[in-house]
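Owing to the predicted nature of the structure, the values given are computational and were not obtained by experimental measurement. Values below: every heavy atom of this structure, side chains too, minus hydrogens, waters and symmetry copies. Naming convention: chains lettered A, B, ... in sequence-line order (proteins, then strands); numbering from 1 in each chain.
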Number of protein chains: 2
Amino acid sequence: MNLRAPVTLLDVAQRAGVSVATASRVLNGGDRVPRPELQERVRAAADALGYTPNAQAQALAKSSTNVVGILVHDIEDPYFAAIANGVMRAADERNLLVMLASTFRDAEREIAYLASLRAQRARAAVMIGSRRTDAESLARTASEVGSFLNSGAGLALVSQSGMPAHTIEPDNRAGAAELARSLAGLGWRKFGILGGPEALATARDRRDGFLAGLADSGLEPVAVEYGDFTRDGGYAAAEELLDRGADVDCLFAVNDVMAVGAMSALRARGIDVPGRLGVAGFDDIATLRDVWPGLTTVRLPLEQMGRRALELAIEGGEPSVETFKAEVVLRESTARA
Amino acid sequence: MNLRAPVTLLDVAQRAGVSVATASRVLNGGDRVPRPELQERVRAAADALGYTPNAQAQALAKSSTNVVGILVHDIEDPYFAAIANGVMRAADERNLLVMLASTFRDAEREIAYLASLRAQRARAAVMIGSRRTDAESLARTASEVGSFLNSGAGLALVSQSGMPAHTIEPDNRAGAAELARSLAGLGWRKFGILGGPEALATARDRRDGFLAGLADSGLEPVAVEYGDFTRDGGYAAAEELLDRGADVDCLFAVNDVMAVGAMSALRARGIDVPGRLGVAGFDDIATLRDVWPGLTTVRLPLEQMGRRALELAIEGGEPSVETFKAEVVLRESTARA
DNA sequence: CTGTTAGCGCATTCAT
DNA sequence: ATGAATGCGCTAACAG
C-alpha cells in the first residue's frame, strides 16, 4: 500500500510470526505444506502487506526461470504474427512468460537478442522465419545458437533448417508444386513467377516447388522476376515483369503479401484479375482473406506450427524435424472464365 | 564450451587472476575502469570461458531490470501489432527487453500478466487497447494498475482513459466527425453505422464522433447496427442491417477490419461498392491498403503512438494525457460516380 | 586502482 | 512440522 515499499518474504514472515522458510513454503507450495493455521496467518500477512514475490530472486535461488523467448523478423508481418500467436497461446497454457523480439531482419540484432535470452536464463526460445544464407552471418548465428543450446535452454526454429535444434518446416515445395498442378489443371499455361530473395530458403523452396509442379504438367515458366519478400517487393516485381512485356497469363507470388502487392500493380495498369491475368500467393494470411478477387493461395497451419515449436523447444531432447503440410486453396483470383 | 557449465563471474576472475569486483567492473562498465592490461586479461578469460552474465543476479543485486512489458488484446490483430511494433522499436533503441503478452481479451489474464510483470520487477509497461467498461473487472484492473504503479514501475495506456497513468489517446471523435463531414461533402446522405461493442470506449467514441459530424452537416444516420470489433463482427452487422432493409447509401464501420468484413458481406450479396453503397472504416491498417476498392478510412499514427507510450512509461512522472490526431483518407470505396 | 565483504530476496538442505 | 543457515551470481560500498 505504501509508496515504493519493497515488501519481502522476511517482512511477511515476521508479521506472521514464522520463519522465512515457512512463509516460503506456504506462499510457493511445492514442498510439504505447514499446518493450516500457519498457512492462513502467512497468507493473511502476505496480502495485508501486498507482498509480491521477486521473480528474479526466485530464479536465482532455484536457477531456472519460466520465461521463453520468441524471435521474429517483423511482428507487423501477419505471417510472423500468426505463428507467434501460436507460440504465445502454448506458452500461456504452460504459464510461461514470453519475451518477444522483432529483429527487423537484422542478423546482428538477432544474435544479440539470443544472447540476452541466454543472460535471462530463458528456458527456451523459438526462432521464426528463414535467415538469409549469407555464409558469414549464418555461421555467427549458428555459433550463438550453439551457445544457447549449451546453456541448457531449449530451442526450436520455424522455417529454418540446418541448425542443430528442433525444426518446424512448412512443406513449401510440395505445397507450391500442388498449386502449380492445380493451376495448370484449371487451364492456365503461361506462368510468371514473382520470387523472393534468392538468399531466403523459404522463397527458393516455393519457387522450386512451383517449377517442379509445372514440370509435372509439362510446362515451364515464361518469366521469373525477383523482389523483396514484402508487399512492395511484389508490386515492384510485377511491374518489372510487365515492363519487360512478358507474355504471361498467370502470376505466382511466393507469398501472399507479395501477391497482394502484385494485384495492386496490375490494377494500377488496368489489368483485370483474373480476366486477363490470374494471381496466386502462398500462406493464406487471415487478414487478407477478404481481398477481392479472393486470392488463390496455399494454406499453412501457422498457429499450430507455432504451438508445436514451443512444445518442442520446451521438451528439449534430440533435434528433430517436423514437416507441416500445406493445402491449396483456390479462390476467384485464378478462376477461369 | 562444455555442456551445461554455468560459468560465473568468479570463474572468470580466477582465471584472470583478479577479484570479482575487478572482473565485474570491466565486464559491466559503469564504474571507473581498471588498468588496460587487466581489462584485457579479464575479457580474454571471459570469452575463453564463454561467460554470460546472469541477468537475474544482476537485477537482484542492483534491484532494477531492463525489461518492459506490453499487453495487447490480440497480437494477430494488425491494429495492435502496429502499435506494439512502435513500442518495440522504441524499446530496442533503449536496449530494453520486451515481454509481450496477448490477453485474448480476457481481463483475468490481463491482470495476471500485470502481476507477473510486477514480480519480474519490470521497469515499465504499456497496455494497449480499450478495456470493456464492465464496472467490476474495471475496478479489479484499476487495483492491479495501482499496485503496479506503487511498485515503482512506469505505465502508459493506449486508448484507455480513466486510469491513473500516462495515457495516449487517438482522437477518435474528431477523426470520425471529420470523416462524416467529408463523406457528406462528397454527396452521401443515407448513412448506416456499423458500431462495435457498446462497452468499448474506442468504438463508442468513433460512433459518437461520426454522429456529431453528421449533425454538423444537418444529417442523422438511417440505421445503426452493432457487432464485434472484428472482421466477422463487421460481416454480421452488415448482413443484419441489410436484412432489416435499411435504406442506406453509405456504411461507416468503426474500424477497418469490420469495414473489410462488411465489404465481403456486400459482395456476397452482389452489392457494388461504391456503386450502390459506399464503405468507410477507421485506422488505415497497412495490411489492408491493397484491398479493392481502396478503403476510405481515418489514419492513425499507430507506430508513433506506441513509441510515445513507451517513452512516457519509462519517464514516469505525473500522469499525462496525449492526444494523437487522426487524418481522413479518401479512397475508392466512397468515390461518387 | 584493486580487493574484501556484505547484502539483494528467496529456496532449500540440515538440524531440531 | 518448523526454524536456522547456506548459497544462487552479482553489485556496491568500504578498505587497503
Side-chain angles (χ1 to χ4, degrees), chain A residues 4-43 45-46 49-67 116 118-123 151-152, chain B residues 4-43 45-46 49-67 116 118-123 151-152:
Chain A
R4 209 65 60 86
V7 178
T8 75
L9 234 203
L10 179 61
D11 297 326
V12 175
Q14 292 181 330
R15 189 182 221 272
V18 300
S19 71
V20 288
T22 301
S24 173
R25 295 196 247 263
V26 6
L27 257 30
N28 173 300
D31 231 19
R32 250 158 303 297
V33 284
R35 135 177 54 125
E37 182 205 325
L38 287 191
Q39 287 194 42
E40 293 198 29
R41 288 230 306 268
V42 173
R43 262 184 248 289
L49 262 36
Y51 170 73
T52 299
N54 184 320
Q56 316 284 346
Q58 288 183 303
L60 186 56
K62 48 184 176 191
S63 58
S64 94
T65 67
N66 63 331
V67 350
S116 291
R118 193 150 48 98
Q120 294 293 330
R121 298 299 186 264
R123 192 181 282 188
S151 79
Chain B
R4 209 65 62 84
V7 178
T8 75
L9 233 204
L10 179 60
D11 298 325
V12 175
Q14 292 180 330
R15 188 181 220 274
V18 301
S19 72
V20 288
T22 301
S24 173
R25 295 196 248 261
V26 6
L27 259 29
N28 173 298
D31 232 21
R32 250 158 303 295
V33 285
R35 138 176 54 127
E37 181 205 325
L38 288 190
Q39 286 193 43
E40 292 199 29
R41 289 229 309 267
V42 172
R43 262 185 249 288
L49 263 37
Y51 170 72
T52 300
N54 184 320
Q56 316 286 342
Q58 287 181 286
L60 187 56
K62 45 184 179 191
S63 59
S64 94
T65 67
N66 62 331
V67 349
S116 292
R118 194 150 49 99
Q120 294 292 329
R121 298 300 187 263
R123 192 183 281 188
S151 79

Once you round it to whole Å, what is the distance between P of dT12(C) and CG of L9(A)? 12 Å

Short side-chain N/O contact to dT11(D) OP1/OP2 from Q58(B), under 4.0 Å: yes

Base, sugar-phosphate, or nothing: which does S63(A) touch, judged by heavy atoms less than 4.0 Å apart? nothing

For V26(B) versus R43(B), what's the shortest heavy-atom pair and its separation? O-NH1, 3.7 Å

Results of side-chain hydrogen bond (donor to acceptor under 3.5 Å, both in side chains) for S19(A) - residues two or more places apart only: T22(A)

Phosphate contact (dC10(C) OP1 or OP2) by N28(A) side-chain N/O below 4.0 Å: no

For dG3(D), does OP1 or OP2 lie under 4.0 Å from any side-chain N or O of T22(A)? yes

Of the listed nucleotides dT2(C), dG9(D), dC10(C), the one nearest the side chain of N54(A): dC10(C)

How close or far is atom P of dT13(C) from atom CZ of R25(A), stated in whole angstroms? 10 Å

Would you kindly give the NZ-to-P distance between K62(B) and dG9(C), to the nearest whole Å? 16 Å

Which heavy atom of S24(B) sits nearest a heavy atom of L9(B), and at what distance? CB-CD1, 3.6 Å

Picking from dA5(D), dG9(D), dT2(D), which would you name as closest to the side chain of P6(B)? dG9(D)

Please determine if a side-chain N or O atom of S19(B) lies less than 4.0 Å away from the OP1 or OP2 oxygen of dT4(C). no

Between A61(B) and V18(B), name the one whose nearest nucleotide on DNA chain C is closer to the 5' end. V18(B)

Quickly work out the Q39(B) CD to dC1(C) P distance and round it to whole Å. 11 Å

Separation of dA1(D) C1' from R41(A) CZ (nearest whole Å): 14 Å

Tell me yes or no: between the side chains of T52(B) and R118(A), is some donor less than 3.5 Å from an acceptor? yes

Residues Y51(A) and V7(A): closest non-hydrogen pair is CD1-O, 3.5 Å

Compare the minimum distances between each of dT2(D), dT2(C), dG3(D) and the side chain of A21(A), then state the nucleotide with the smallest one. dG3(D)

Rounded to whole Å, please give me the gap between CG in L27(B) and P in dT11(D). 9 Å

Please tell me which of the listed nucleotides, dT2(D), dG3(D), dC10(D), lies nearest to the side chain of A57(B)? dC10(D)

Report the distance from atom CG of L10(B) to atom P of dG3(C), rounded to the nearest whole Å. 13 Å

Rounded distance in Å - CG (L60(B)) to C1' (dC10(C)): 8 Å

